[in-house]
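Note that the structure is a prediction, hence the values are computed from the model and not measured.
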Amino acid sequence: LRVCFNKAGIVNVIAAGSVSRADTVVYAENPRYVQSGALNLDKIAKALVNGLKARGYFTPGAKIGLAGYDSPPYLRAIKNSLVPALARYGLKFEDQVLIKPTSSFNDAVAGQQPATNGVVRFQAKGITHVIFFEDSGGMTFNFTAAASNQKYYPRYGLSGNSQHACVPCLSDDAEKDRIWDNAVHVGWSPLYDLNTNVDIPKNAAWQLCEKLITDAGGDALAFGVGQYYRWCDAYFMFAMAGKAAGTLNLDAIIRGYPSASGYVAAVLAGPADYSAGRRDGVGTARYAGYGKGCHCWSYQSDPFPIQNILG
(Lines give C-alpha, C1' and ligand atoms only; values in the text may rest on other atoms or scores of the structure.)
Protein backbone atom coordinates (compact mmCIF):
# COMPACT_ATOMS: atom_id res chain seq x y z
CA LEU A 1 0.00 0.00 0.00
CA ARG A 2 2.83 2.42 0.80
CA VAL A 3 4.11 2.14 -2.76
CA CYS A 4 0.64 2.70 -4.23
CA PHE A 5 -0.05 5.69 -2.00
CA ASN A 6 3.33 7.20 -2.81
CA LYS A 7 2.79 6.86 -6.56
CA ALA A 8 -0.69 8.38 -6.23
CA GLY A 9 0.63 11.29 -4.16
CA ILE A 10 -1.56 10.37 -1.17
CA VAL A 11 -0.55 11.04 2.42
CA ASN A 12 -0.40 7.65 4.15
CA VAL A 13 -1.14 8.16 7.85
CA ILE A 14 -0.85 5.16 10.17
CA ALA A 15 -2.86 5.09 13.41
CA ALA A 16 -1.28 6.03 16.71
CA GLY A 17 0.16 3.16 18.70
CA SER A 18 0.66 1.01 15.60
CA VAL A 19 3.64 -1.25 15.03
CA SER A 20 6.36 -0.32 12.58
CA ARG A 21 7.79 -2.35 9.72
CA ALA A 22 9.55 0.64 8.16
CA ASP A 23 13.19 1.62 8.51
CA THR A 24 14.80 4.90 7.48
CA VAL A 25 15.06 3.69 3.88
CA VAL A 26 11.30 3.12 3.69
CA TYR A 27 10.67 6.60 5.08
CA ALA A 28 13.06 8.12 2.54
CA GLU A 29 11.35 6.28 -0.31
CA ASN A 30 7.90 7.37 0.87
CA PRO A 31 8.03 11.09 1.72
CA ARG A 32 4.30 11.26 2.51
CA TYR A 33 4.33 8.32 4.92
CA VAL A 34 3.50 9.28 8.54
CA GLN A 35 3.22 7.07 11.62
CA SER A 36 1.16 8.77 14.30
CA GLY A 37 2.57 6.76 17.15
CA ALA A 38 5.44 4.50 16.21
CA LEU A 39 9.19 4.62 15.64
CA ASN A 40 11.08 3.61 12.54
CA LEU A 41 12.97 0.34 12.97
CA ASP A 42 16.38 2.01 13.22
CA LYS A 43 15.17 4.11 16.14
CA ILE A 44 13.54 1.09 17.77
CA ALA A 45 16.86 -0.77 17.56
CA LYS A 46 18.75 2.06 19.26
CA ALA A 47 16.07 2.72 21.87
CA LEU A 48 15.85 -0.98 22.69
CA VAL A 49 19.56 -1.55 23.21
CA ASN A 50 20.19 1.75 25.02
CA GLY A 51 17.10 1.24 27.18
CA LEU A 52 18.11 -2.31 28.09
CA LYS A 53 21.57 -1.07 29.00
CA ALA A 54 20.11 1.68 31.19
CA ARG A 55 18.00 -0.88 33.06
CA GLY A 56 20.96 -3.15 33.81
CA TYR A 57 19.75 -5.89 31.48
CA PHE A 58 23.20 -6.84 30.19
CA THR A 59 24.63 -8.60 33.22
CA PRO A 60 28.31 -9.63 33.25
CA GLY A 61 28.93 -12.72 31.16
CA ALA A 62 25.64 -12.43 29.29
CA LYS A 63 25.46 -14.41 26.06
CA ILE A 64 22.94 -12.70 23.78
CA GLY A 65 20.71 -14.13 21.09
CA LEU A 66 18.48 -12.33 18.61
CA ALA A 67 14.95 -13.48 17.79
CA GLY A 68 13.41 -11.34 15.08
CA TYR A 69 11.98 -10.86 11.63
CA ASP A 70 13.48 -11.49 8.24
CA SER A 71 12.47 -8.77 5.76
CA PRO A 72 14.50 -6.12 3.92
CA PRO A 73 13.65 -3.28 6.39
CA TYR A 74 14.32 -5.49 9.41
CA LEU A 75 17.56 -6.87 7.99
CA ARG A 76 18.79 -3.35 7.22
CA ALA A 77 17.91 -2.14 10.71
CA ILE A 78 19.65 -5.12 12.30
CA LYS A 79 22.80 -4.47 10.29
CA ASN A 80 22.80 -0.67 10.43
CA SER A 81 21.45 0.01 13.92
CA LEU A 82 20.88 -2.98 16.20
CA VAL A 83 24.29 -4.64 15.86
CA PRO A 84 26.20 -1.31 16.06
CA ALA A 85 24.18 -0.29 19.15
CA LEU A 86 25.28 -3.47 20.91
CA ALA A 87 28.87 -3.02 19.75
CA ARG A 88 29.01 0.38 21.48
CA TYR A 89 28.85 -1.53 24.76
CA GLY A 90 31.27 -4.25 23.68
CA LEU A 91 28.43 -6.71 23.10
CA LYS A 92 27.39 -8.93 20.20
CA PHE A 93 24.85 -11.55 19.23
CA GLU A 94 26.09 -15.11 19.65
CA ASP A 95 23.35 -16.43 17.35
CA GLN A 96 20.11 -15.33 15.75
CA VAL A 97 16.83 -16.84 14.59
CA LEU A 98 14.71 -14.90 12.09
CA ILE A 99 11.30 -15.65 10.62
CA LYS A 100 9.18 -13.90 8.01
CA PRO A 101 6.95 -11.16 9.47
CA THR A 102 3.61 -12.56 10.57
CA SER A 103 0.40 -11.03 9.24
CA SER A 104 -1.91 -14.02 9.49
CA PHE A 105 -2.51 -17.26 11.36
CA ASN A 106 -0.77 -19.18 8.57
CA ASP A 107 2.29 -16.92 8.90
CA ALA A 108 2.41 -17.60 12.62
CA VAL A 109 2.21 -21.36 12.05
CA ALA A 110 5.00 -21.16 9.46
CA GLY A 111 7.24 -19.51 12.04
CA GLN A 112 6.84 -22.21 14.68
CA GLN A 113 9.47 -24.66 13.43
CA PRO A 114 12.20 -22.07 12.77
CA ALA A 115 11.58 -20.60 16.22
CA THR A 116 11.78 -24.06 17.80
CA ASN A 117 15.03 -24.76 15.97
CA GLY A 118 16.40 -21.47 17.25
CA VAL A 119 15.45 -22.35 20.83
CA VAL A 120 17.34 -25.64 20.56
CA ARG A 121 20.45 -23.88 19.23
CA PHE A 122 20.30 -21.07 21.78
CA GLN A 123 19.93 -23.48 24.66
CA ALA A 124 22.82 -25.64 23.41
CA LYS A 125 25.05 -22.56 23.13
CA GLY A 126 24.23 -21.40 26.63
CA ILE A 127 22.59 -18.15 25.49
CA THR A 128 21.31 -16.39 28.59
CA HIS A 129 19.63 -13.28 27.14
CA VAL A 130 17.27 -13.10 24.15
CA ILE A 131 16.33 -9.81 22.49
CA PHE A 132 13.18 -9.67 20.38
CA PHE A 133 13.29 -7.44 17.30
CA GLU A 134 9.94 -7.97 15.59
CA ASP A 135 6.39 -6.68 15.73
CA SER A 136 2.92 -7.76 16.82
CA GLY A 137 4.28 -10.61 18.92
CA GLY A 138 4.72 -13.06 16.04
CA MET A 139 8.21 -14.15 17.06
CA THR A 140 7.67 -13.43 20.75
CA PHE A 141 4.87 -15.96 21.01
CA ASN A 142 6.50 -18.63 18.87
CA PHE A 143 9.85 -18.39 20.63
CA THR A 144 8.58 -18.23 24.22
CA ALA A 145 6.15 -21.10 23.60
CA ALA A 146 8.95 -23.27 22.18
CA ALA A 147 11.35 -22.26 24.95
CA SER A 148 8.74 -23.07 27.59
CA ASN A 149 8.32 -26.54 26.12
CA GLN A 150 12.09 -27.03 26.36
CA LYS A 151 12.20 -25.66 29.93
CA TYR A 152 14.55 -22.95 28.64
CA TYR A 153 14.15 -19.60 30.39
CA PRO A 154 16.55 -16.91 29.14
CA ARG A 155 16.14 -13.30 30.18
CA TYR A 156 14.07 -11.48 27.58
CA GLY A 157 14.41 -7.93 26.30
CA LEU A 158 11.73 -6.42 24.07
CA SER A 159 10.25 -3.18 22.80
CA GLY A 160 6.84 -1.63 22.34
CA ASN A 161 6.89 -2.90 18.76
CA SER A 162 6.46 -6.46 20.04
CA GLN A 163 3.08 -5.58 21.55
CA HIS A 164 3.43 -8.46 24.00
CA ALA A 165 0.09 -7.62 25.61
CA CYS A 166 -1.52 -8.86 22.39
CA VAL A 167 0.35 -12.14 22.44
CA PRO A 168 -1.93 -15.03 23.45
CA CYS A 169 -0.54 -16.72 26.52
CA LEU A 170 -1.42 -20.39 26.78
CA SER A 171 0.55 -21.07 29.96
CA ASP A 172 -0.56 -20.92 33.57
CA ASP A 173 0.51 -18.17 35.93
CA ALA A 174 3.46 -20.13 37.32
CA GLU A 175 4.78 -20.75 33.82
CA LYS A 176 4.28 -17.11 32.84
CA ASP A 177 6.32 -16.16 35.89
CA ARG A 178 9.16 -18.38 34.73
CA ILE A 179 8.99 -17.12 31.13
CA TRP A 180 9.02 -13.41 31.93
CA ASP A 181 11.13 -13.38 35.10
CA ASN A 182 13.43 -10.31 35.03
CA ALA A 183 12.36 -9.38 31.49
CA VAL A 184 12.83 -5.74 30.48
CA HIS A 185 10.44 -3.92 28.17
CA VAL A 186 11.16 -0.56 26.51
CA GLY A 187 7.75 0.80 25.57
CA TRP A 188 5.76 3.83 24.48
CA SER A 189 2.09 2.80 24.35
CA PRO A 190 0.10 1.66 27.40
CA LEU A 191 -2.22 -0.20 25.02
CA TYR A 192 0.51 -2.72 24.31
CA ASP A 193 3.08 -2.28 27.06
CA LEU A 194 0.64 -3.40 29.74
CA ASN A 195 -1.65 -6.37 30.08
CA THR A 196 -5.07 -6.10 28.51
CA ASN A 197 -6.66 -6.62 31.94
CA VAL A 198 -4.93 -3.52 33.28
CA ASP A 199 -6.87 -0.28 32.92
CA ILE A 200 -5.36 2.04 30.34
CA PRO A 201 -4.75 5.54 31.77
CA LYS A 202 -7.65 7.60 30.44
CA ASN A 203 -6.18 11.05 29.84
CA ALA A 204 -7.94 14.08 28.37
CA ALA A 205 -7.42 12.91 24.76
CA TRP A 206 -8.86 9.49 25.58
CA GLN A 207 -11.92 11.06 27.22
CA LEU A 208 -12.49 13.41 24.27
CA CYS A 209 -12.20 10.58 21.75
CA GLU A 210 -14.57 8.46 23.81
CA LYS A 211 -17.12 11.28 23.92
CA LEU A 212 -16.93 11.81 20.16
CA ILE A 213 -17.45 8.12 19.52
CA THR A 214 -20.34 7.63 21.96
CA ASP A 215 -22.04 10.90 20.93
CA ALA A 216 -22.07 9.56 17.38
CA GLY A 217 -23.76 6.39 18.58
CA GLY A 218 -20.66 4.22 18.30
CA ASP A 219 -19.27 1.58 20.62
CA ALA A 220 -15.79 2.61 21.71
CA LEU A 221 -14.75 -1.01 22.28
CA ALA A 222 -16.41 -2.53 19.20
CA PHE A 223 -13.08 -3.24 17.52
CA GLY A 224 -11.12 -4.07 20.65
CA VAL A 225 -9.63 -1.87 23.33
CA GLY A 226 -8.03 1.20 21.85
CA GLN A 227 -8.71 0.84 18.13
CA TYR A 228 -10.99 3.85 17.85
CA TYR A 229 -8.65 5.86 20.06
CA ARG A 230 -5.65 5.11 17.86
CA TRP A 231 -7.41 6.54 14.82
CA CYS A 232 -8.82 9.41 16.83
CA ASP A 233 -5.28 10.39 17.80
CA ALA A 234 -4.15 10.10 14.17
CA TYR A 235 -7.00 12.38 13.06
CA PHE A 236 -6.22 15.07 15.65
CA MET A 237 -2.52 15.11 14.78
CA PHE A 238 -3.30 15.24 11.06
CA ALA A 239 -5.74 18.11 11.73
CA MET A 240 -3.05 20.00 13.65
CA ALA A 241 -0.65 19.55 10.74
CA GLY A 242 -3.29 20.72 8.27
CA LYS A 243 -4.16 23.77 10.33
CA ALA A 244 -0.48 24.70 10.58
CA ALA A 245 -0.10 24.26 6.82
CA GLY A 246 -3.05 26.55 6.12
CA THR A 247 -3.64 24.73 2.84
CA LEU A 248 -4.77 21.39 1.48
CA ASN A 249 -1.43 20.94 -0.28
CA LEU A 250 -0.26 17.52 0.93
CA ASP A 251 3.44 18.32 1.08
CA ALA A 252 2.64 21.42 3.13
CA ILE A 253 0.59 19.27 5.52
CA ILE A 254 3.57 16.94 5.97
CA ARG A 255 5.72 19.98 6.78
CA GLY A 256 3.05 21.05 9.27
CA TYR A 257 3.43 17.97 11.47
CA PRO A 258 5.83 19.65 13.94
CA SER A 259 2.76 21.52 15.19
CA ALA A 260 1.50 18.19 16.58
CA SER A 261 4.58 17.91 18.80
CA GLY A 262 3.49 18.06 22.41
CA TYR A 263 0.07 16.55 21.71
CA VAL A 264 -0.62 14.09 24.53
CA ALA A 265 -2.23 11.26 22.63
CA ALA A 266 -4.80 8.89 24.08
CA VAL A 267 -2.76 5.77 23.37
CA LEU A 268 0.83 6.97 23.84
CA ALA A 269 2.90 7.17 27.01
CA GLY A 270 3.40 10.92 26.67
CA PRO A 271 3.62 13.86 24.27
CA ALA A 272 4.22 13.23 20.58
CA ASP A 273 7.33 14.54 18.82
CA TYR A 274 7.48 15.53 15.16
CA SER A 275 10.35 17.96 15.50
CA ALA A 276 13.27 18.16 13.06
CA GLY A 277 11.29 16.68 10.19
CA ARG A 278 10.29 13.50 12.01
CA ARG A 279 7.35 11.51 10.63
CA ASP A 280 7.26 8.90 13.40
CA GLY A 281 5.53 10.55 16.30
CA VAL A 282 6.63 8.73 19.45
CA GLY A 283 8.15 11.27 21.80
CA THR A 284 7.95 9.53 25.17
CA ALA A 285 9.08 6.17 26.53
CA ARG A 286 8.59 4.17 29.72
CA TYR A 287 10.19 1.01 31.04
CA ALA A 288 7.96 -1.90 31.98
CA GLY A 289 8.56 -5.15 33.79
CA TYR A 290 6.70 -8.29 34.72
CA GLY A 291 5.39 -8.77 38.25
CA LYS A 292 4.99 -12.24 39.72
CA GLY A 293 2.49 -11.01 42.29
CA CYS A 294 -0.09 -9.94 39.71
CA HIS A 295 1.25 -12.08 36.85
CA CYS A 296 1.13 -8.94 34.74
CA TRP A 297 3.18 -6.18 33.19
CA SER A 298 3.37 -2.73 34.75
CA TYR A 299 5.39 0.43 34.26
CA GLN A 300 8.53 0.68 36.37
CA SER A 301 9.61 4.19 35.43
CA ASP A 302 8.15 7.61 34.91
CA PRO A 303 7.71 8.82 31.33
CA PHE A 304 10.85 10.30 29.78
CA PRO A 305 11.78 11.77 26.37
CA ILE A 306 12.56 8.92 24.03
CA GLN A 307 15.35 11.06 22.61
CA ASN A 308 17.28 10.13 25.79
CA ILE A 309 17.78 6.61 24.47
CA LEU A 310 18.12 7.28 20.75
CA GLY A 311 21.74 8.45 20.91
Side-chain angles (χ1 to χ4, degrees), residues 41-71 74-101 111-135 137-162 164 167 169 171 174-187 287-292 297 300-301 309-311:
L41 292 175
D42 292 284
K43 288 178 182 175
I44 291 173
K46 295 172 185 177
L48 178 56
V49 171
N50 292 333
L52 293 177
K53 176 65 175 178
R55 298 300 284 180
Y57 172 82
F58 300 112
T59 50
K63 297 185 70 174
I64 308 164
L66 168 64
Y69 278 169
D70 178 359
S71 71
Y74 269 100
L75 293 176
R76 288 192 297 261
I78 290 169
K79 177 182 177 181
N80 298 332
S81 297
L82 190 63
V83 169
L86 274 179
R88 285 184 56 195
Y89 302 114
L91 302 169
K92 65 177 183 178
F93 290 118
E94 301 293 334
D95 197 356
Q96 65 179 31
V97 54
L98 304 178
I99 64 174
K100 297 299 181 183
Q112 288 177 354
Q113 192 58 54
T116 300
N117 294 343
V119 165
V120 172
R121 288 202 316 274
F122 283 19
Q123 191 171 22
K125 292 182 177 182
I127 288 175
T128 57
H129 293 57
V130 174
I131 294 176
F132 291 113
F133 191 57
E134 46 98 60
D135 61 71
M139 173 56 96
T140 303
F141 177 66
N142 275 333
F143 190 95
T144 56
S148 176
N149 288 336
Q150 297 292 328
K151 304 302 179 187
Y152 171 52
Y153 303 107
R155 189 180 188 188
Y156 293 116
L158 60 168
S159 77
N161 218 40
S162 286
H164 62 73
V167 176
C169 190
S171 51
E175 187 62 11
K176 284 190 288 188
D177 291 350
R178 286 187 283 269
I179 291 170
W180 296 116
D181 186 32
N182 289 319
V184 177
H185 178 91
V186 183
Y287 298 121
Y290 181 85
K292 292 183 177 181
W297 293 83
Q300 297 183 344
S301 78
I309 52 174
L310 291 181

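To the nearest 0.5 Å, the span separating CE on Met139 from CG on Asn142 amounts to 7.0 Å. Rounding to the nearest 0.5 angstrom, the gap separating the CZ atom in Arg178 from the NZ atom in Lys151 is 6.0 Å. Expressed to the nearest 0.5 Å, how far NZ of Lys176 lies from OG1 of Thr144 amounts to 12.0 Å. Tyr153 contributes atom OH, which lies 11.0 Å from atom CG of Asp181 (distance to the nearest 0.5 angstrom). To the nearest 0.5 Å, the span separating CZ on Phe93 from CD1 on Ile78 amounts to 7.5 Å. A distance of 8.0 Å separates CD1 of Ile44 from CG of Asp135, quoted to the nearest 0.5 Å.
With contacts defined as side-chain heavy-atom distances shorter than 4.5 Å, the pair Lys53/Arg88 does not qualify. With a 4.5 Å cut-off on side-chain heavy atoms, Tyr152 and Val130 count as touching.
Tyr69 pairs with exactly one of Leu41, Leu75, Asn161, Ile99 by the side-chain contact (heavy atoms from CB on, under 4.5 Å) rule, that one being Ile99. A ring-ring contact (aromatic ring centres under 6.0 Å, His included) with Tyr156 is found for one member of Trp297, Phe133, Trp180 and no other, namely Trp180. Applying the side-chain contact (heavy atoms from CB on, under 4.5 Å) test between Leu52 and each of Leu158, Ile64, Val184, Ile309 identifies Val184 as the sole match.
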request  = Start with the C-alpha gap between Val49 and Leu91, add the side-chain angles, then the distance that decides, and say whether side-chain contact (heavy atoms from CB on, under 4.5 Å) holds.
outcome  = CA-CA 10 Å; Val49 171; Leu91 302 169; over 6 Å; no

request  = Take Leu98 and Tyr74, measure what side-chain contact (heavy atoms from CB on, under 4.5 Å) needs, and give me the verdict at the end.
outcome  = CA-CA 10 Å; Leu98 304 178; Tyr74 269 100; over 6 Å; no

task = Show your reasoning for whether side-chain contact (heavy atoms from CB on, under 4.5 Å) applies to Ser71 and Lys100.
result = CA-CA 6 Å; Ser71 71; Lys100 297 299 181 183; over 6 Å; no

ask   = Val97 and Asn117: side-chain contact (heavy atoms from CB on, under 4.5 Å), yes or no, with the steps?
value = CA-CA 8 Å; Val97 54; Asn117 294 343; over 6 Å; no

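When every heavy atom of Ala146 is checked against every heavy atom of Thr116, the shortest pair comes out as CB-OG1, 3.6 Å. For the pair Ala77 and Ala45, the tightest heavy-atom approach, listed with the atom from each and the gap, is O-CB, 4.4 Å. Residues Glu134 and Ala67 come closest through the heavy atom pair CG-O, 4.4 Å. In plain terms, the two heavy atoms of Leu48 and Phe132 that are nearest each other are CD2-O, 3.5 Å. Summarising the geometry of Thr140 relative to Ser162, their closest heavy-atom pair is OG1-OG, 3.7 Å, with the distance given to 0.1 Å. Pairing each heavy atom of Ala54 with each of Tyr287, the nearest pair is CB-OH, 3.7 Å.
Remark: the backbone N or O of Arg155 is paired with a side-chain donor or acceptor of Tyr57 at under 3.5 angstrom. When atom types are taken as modelled, the side chain of Arg121 and the backbone of Gln96 share a donor-acceptor pair closer than 3.5 angstrom. A donor-acceptor contact shorter than 3.5 Å links the side chain of Asn50 to the backbone of Gly311. Side chain of Glu94 to main chain of Lys63: no donor-acceptor pair is present (N/O by atom type, distance under 3.5 Å, no hydrogens or angles).
Between the side chains of Thr59 and His129, at least one donor N or O lies within less than 3.5 Å of an accepting N or O. Remark: the Tyr290 side chain and the Asp177 side chain contain an N/O donor-acceptor pair separated by less than 3.5 Å.
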